[in-house]
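Some notes on the structure that comes next.
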Amino acid sequence: MGHVNLVTGGAGFIGSHLCEALLARGEEVLCLDNFFTGRKANIEQLLGNPRFELIRHDVINPVVLEADRIFNFACPASPVHYQHNPVKTIQTNVMGAMNMLNLARDTGARVLQASTSEVYGDPAVHPQVESYWGNVNPIGPRSCYDEGKRVAEALFFDYYQQNRVDIRVIRIFNTYGPRMLVNDGRVVSNFAVQALRNEPITIYGDGSQTRSFCYVDDLVRGIMAMMDCEGFNGPVNLGNPGEFTILELAEMVIHMTASKSELVRNPLPTDDPTRRQPDITLAREKLGWEPTVPLAKGLRKTIDYFDALLSGQ
Ligand code: NAD
Ligand code: UDP
């Protein structure tokens with residue numbers, strides 16, 4: 001092996017699990033982050049490892065580093081955080097992608113882009129297949145993220161065509177697990193924290209919208225399989241095909257925490273996708289990958305993580 005990996009967004013939720021998995025198989029990791037939604041606590045257990053280095057940097061600025069593999073994960077993923085400064089979110093997606101592609105072009109590194117199921121928008125095709133072009137509002141509150149990620153995909157394939165850069169593109173569907181922020185704002189962390197505190201569970205809209213939740217360990221296996229595979233650029237969906245309504249998720253979390261929380265209704269955010277489920281036929285065929293962790297098992301680990309965090313352990 002002996003790869004030197006650059007992981008942008010490496011101090012974030014998925015990035016930190018990825019850094020850990022790469023180190024565990026004996027590789028070197030350069031973790032780059034501006035700590036917008038990432039935390040040093042996510043990677044502090046890695047700081048003593050001689051094969052791990054931490055770099056504080058913002059991907060909107062160019063950087064020269066020696067790595068033969070680049071995982072471009074820098075970008076806030078929660079709607080609350082990516083809508084906080086939408087112009088910055090577009091910069092991160094577009095300039096960040098360009099800077100990593102230029103680095104890959106100049107060094108010959110392989111570069112993998114963390115794209116998203118959001119490129120399908122509020123999908124008219126269900127479940128979502130990679131050949132579907134999506135249904136995205138170009139000027140709504142989610143556009144900075146959705147369109148930013150779509151431009152990044154376009155850039156990846158343009159650099160592939162024009163400069164023969166060795167690209168990989170994955171479309172990640174809702175992923176959850178330990179190390180999400182307490183104030184992350186995404187549904188699994190919100191519900192787990194609210195239930196553990198016996199506070200009201202905030203259902204946006206009527207809760208009939210669906211999502212398909214992938215446990216982070218499964219996702220990380222898929223990310224590494226895509227980076228390792230030869231002769232396939234993607235895009236490829238990575239997610240768990242199990243589809244649940246938001247109400248079903250709330251009921252599971254309440255049950256698993258034996259919580260006294262009640263459900264409250266909040267307005268449905270603008271352009272909130274009504275349903276989402278990955279078709280993972282391509283990932284199965286090309287990568288031999290599929291998720292193995294059922295929602296109940298992954299939720300147990302996630303709830304236990306937040307329980308320990310909230311009780312100060
Ligand atoms: P996260 O917010 O926990 O992690 C993002 C990381 O990127 C953070 O550490 C943050 O500080 C860093 N970052 C943000 N802007 C940066 C910048 N300009 N320069 C350097 N670092 C920057 O989110 P996550 O869930 O770990 O998501 C990681 C990646 O995966 C993102 O690109 C996201 O779009 C993608 N993704 C995640 C999901 C999911 O369900 N978690 C789904 C689809 C796509
Ligand atoms: N959601 C909710 N309550 C919350 C947070 C989110 O009902 O406290 C809903 C949200 O409206 C969406 C789904 O859960 O329909 C997933 O939201 P999240 O922000 O986790 O991810 P995304 O919308 O990007 O898939």
Side-chain angles (χ1 to χ4, degrees), residues 3 5-10 12-22 29 59 67 69-77 82 92-94 96-97 100-101 104 109-121 123 127-134 136 145-160 165-177 211-241 276-293:
H3 292 295
N5 303 279
L6 170 60
V7 181
T8 79
F13 160 53
I14 298 174
S16 63
H17 287 276
L18 178 60
C19 289
E20 208 162 55
L22 292 167
V29 173
V59 290
R69 291 184 160 189
I70 305 168
F71 295 86
N72 189 33
F73 278 67
C75 179
Y82 73 64
T92 296
N93 275 310
V94 177
M100 290 309 129
L101 285 161
R110 179 174 290 182
V111 58
L112 179 144
Q113 168 66 3
S115 189
T116 169
S117 53
E118 287 284 324
V119 300
Y120 302 121
Q128 289 77 58
V129 280
E130 289 85 350
S131 54
Y132 175 50
W133 290 356
V136 173
Y145 185 79
D146 298 12
E147 298 290 19
K149 290 283 187 184
R150 288 171 66 98
V151 172
E153 284 202 16
L155 279 169
F156 266 68
F157 280 86
D158 288 339
Y159 272 73
Y160 172 66
V165 172
D166 189 12
I167 62 155
R168 300 285 181 278
V169 175
I170 57 172
R171 292 180 178 156
I172 304 170
F173 284 65
N174 297 65
T175 298
Y176 69 98
R211 292 293 185 275
S212 303
F213 300 101
C214 184
Y215 188 64
V216 64
D217 290 356
D218 278 334
L219 181 77
V220 166
R221 265 193 312 109
I223 296 168
M224 297 202 299
M226 183 59 174
M227 186 55 117
D228 289 342
C229 88
E230 300 298 332
F232 175 55
N233 304 109
V236 64
N237 291 337
L238 293 182
N240 191 319
R276 183 179 291 156
Q277 182 190 30
D279 181 318
I280 60 163
T281 309
L282 195 60
R284 282 196 179 104
E285 277 174 17
K286 297 281 187 186
L287 310 176
W289 175 86
E290 64 183 355
T292 60
V293 182

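Note that the numbering runs from 1 along the sequence shown for the chain.
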| field | Point-to-point distance, once rounded to the nearest 0.5 Å, from CG of Asn93 to CD of Glu147 | value | 11.0 Å
| task | Identify the heavy atoms of Pro291 and Gly239 that sit nearest to each other, and give their distance. | result | CG-O, 3.3 Å
| said: Counting C-beta onward and ignoring hydrogens, is there a side-chain heavy-atom pair between Val165 and Tyr160 closer than 4.5 Å? | reply: no
| said: Nearest 0.5 Å, please: how far is OG1 in Thr175 from CG in Asp217? | reply: 11.0 Å
| query | Can you check whether Trp289 reaches Met226 side chain to side chain, under 4.5 Å on heavy atoms? | reply | no
| Contact summary for Ala152 and Gln113, nearest pair of heavy atoms | CB-NE2, 3.5 Å
| When you check the gap from the basic side-chain N to the acidic O, do Glu153 and Arg150 get nearer than 4.0 Å? | no
| field | With Glu285 via side chain to side chain donor-acceptor pair (under 3.5 Å) - residues at least two apart | value | none
| message | Assess whether a salt bridge exists between Arg69 and Asp228, defined as any Lys/Arg side-chain N lying under 4.0 Å from an Asp/Glu carboxylate O. | response | yes
| said: Checking Phe156 against Ser115 for the side-chain contact (heavy atoms from CB on, under 4.5 Å) test, could you report, in this order, the C-alpha distance in whole Å, the side-chain angles of both residues, the deciding distance, and whether it holds? | reply: CA-CA 11 Å; Phe156 266 68; Ser115 189; over 6 Å; no
| message | Holding to salt bridge (Lys or Arg N to Asp or Glu O under 4.0 Å), I want the full list of residues that pass it with Glu130, two or more places apart in sequence or in another chain. | response | none
| message | When you compare the side chain of Val169 with that of Phe157, does any pair of heavy atoms fall below 4.5 Å? | response | yes
| For Leu112 and Ile223, which heavy atoms make the closest approach, and how far apart are they? | CD1-O, 3.9 Å
| said: Show the nearest heavy-atom pair for residues Phe173 and Gln277, with the distance to one decimal. | reply: CE2-C, 3.8 Å
| Do the side chains of Arg168 and Val111 get nearer than 4.5 Å, heavy atoms only? | no
| message | Arg211: which residues meet the side chain to side chain donor-acceptor pair (under 3.5 Å) condition with it, sequence neighbours left out? | response | Asp272
| note | With Tyr120 as partner, the option from Gln128, Arg276, Arg171 fulfilling side-chain hydrogen bond (donor to acceptor under 3.5 Å, both in side chains) is Arg171
| message | Is it true that Ser212 and Asn240 share a donor-acceptor pair across their side chains at a distance under 3.5 Å? | response | no
| How far apart are the closest heavy atoms of Val7 and Gly15, and which atoms are they? | CG1-O, 4.2 Å
| field | Side-chain heavy-atom pair Cys214, Pro278 within 4.5 angstrom cut-off | value | no
| field | Close side-chain approach of Asp146 to Val119, heavy-atom, < 4.5 Å | value | no
| field | Nearest heavy-atom neighbours spanning Pro76 and Tyr82 | value | O-CB, 3.7 Å
| query | Between Val216 and Phe13, does a side-chain contact (heavy atoms from CB on, under 4.5 Å) hold up when you go through it step by step? | reply | CA-CA 9 Å; Val216 64; Phe13 160 53; 3.8 Å; yes
| said: Pair Ile172, Thr116 - check side-chain contact (heavy atoms from CB on, under 4.5 Å), show working. | reply: CA-CA 5 Å; Ile172 304 170; Thr116 169; 5.6 Å; no
| request: Carefully, step by step, assess Leu238 and Leu287 under the rule side-chain contact (heavy atoms from CB on, under 4.5 Å). | output: CA-CA 10 Å; Leu238 293 182; Leu287 310 176; 4.3 Å; yes
| query | Side-chain contact, heavy-atom cut-off 4.5 Å: Met100 with Val59? | reply | yes
| Lys/Arg-Asp/Glu bridge criterion (N-O < 4.0 Å) met for Arg110, Glu230 | yes
| Can you check whether Ile70 reaches Leu6 side chain to side chain, under 4.5 Å on heavy atoms? | yes
| field | Non-neighbouring partners of Arg221 that pass salt bridge (Lys or Arg N to Asp or Glu O under 4.0 Å), sequence neighbours left out | value | Asp218
| request: Mind checking side chain to side chain donor-acceptor pair (under 3.5 Å) for Tyr215 and listing every partner two or more places apart, or none if nothing turns up? | output: none
| query | For the atom pair CD1 (Ile170) and CZ (Phe71), what is the distance rounded to the nearest 0.5 Å? | reply | 8.5 Å
| remark: Hits for side chain to side chain donor-acceptor pair (under 3.5 Å) against Thr92, two or more places apart or cross-chain, chain-then-number order -> none
